[in-house]
Amino acid sequence: MKTYKLTAFETNGEKLLDESFQAEHDSAAKELAEKLLAEKNLLERTHRCTSPSGKLLLFHS
């Protein structure tokens with residue numbers, strides 16, 4: 001399992017979410033990140049999900 005990082009921001013730069021989670025691979029991490037954002041009603045906020053190697057898997061501004 002790899003550890004991924006998910007963050008979401010307010011328009012003024014305030015962090016709304018700063019969470020680490022584990023997934024088997026990048027595509028599973030992307031799906032899980034989208035699910036977490038939906039549960040917290042943050043899909044329309046600026047957000048990003050990065051892999052342990054720094055790869056950007058998900059981004060919305």
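As a member of the Ile/Leu/Val/Met/Phe/Trp/Tyr network built from side-chain separations under 4.5 Å, Leu58 groups with Tyr4, Leu6, Leu16, Leu17, Phe21, Leu32, Leu36, Leu37, Leu42, Leu43, Leu57.
The line from NZ of Lys55 to OG1 of Thr50 is 12.0 Å long, rounded to the nearest 0.5 Å. With values rounded to the nearest 0.5 angstrom, Lys5 atom NZ is found 13.5 Å from Ser51 atom OG. The distance from the CZ atom of Arg48 to the NE2 atom of His60 is 14.0 Å, given to the nearest 0.5 Å. Rounded to the nearest 0.5 angstrom, Glu14 CD and Phe9 CZ are separated by 11.0 Å.
Side-chain contact check for Arg45 versus Glu10: some heavy-atom pair is nearer than 4.5 Å.
Within 6.0 Å of NZ on Lys40 lie no more than 12 heavy atoms contributed by other residues, nucleotides or ligands.
Of the residues Lys30, His25, Glu24, the one that meets the side chain to side chain donor-acceptor pair (under 3.5 Å) test with Ser27 is His25.
Looking at residues two or more places apart in sequence or on another chain, you find a side-chain hydrogen bond (donor to acceptor under 3.5 Å, both in side chains) between Thr3 and Gln22.
In plain terms, the two heavy atoms of Cys49 and Ala33 that are nearest each other are SG-CB, 3.9 Å. The shortest non-hydrogen separation linking Pro52 to Lys2 is CG-CB, 3.7 Å.
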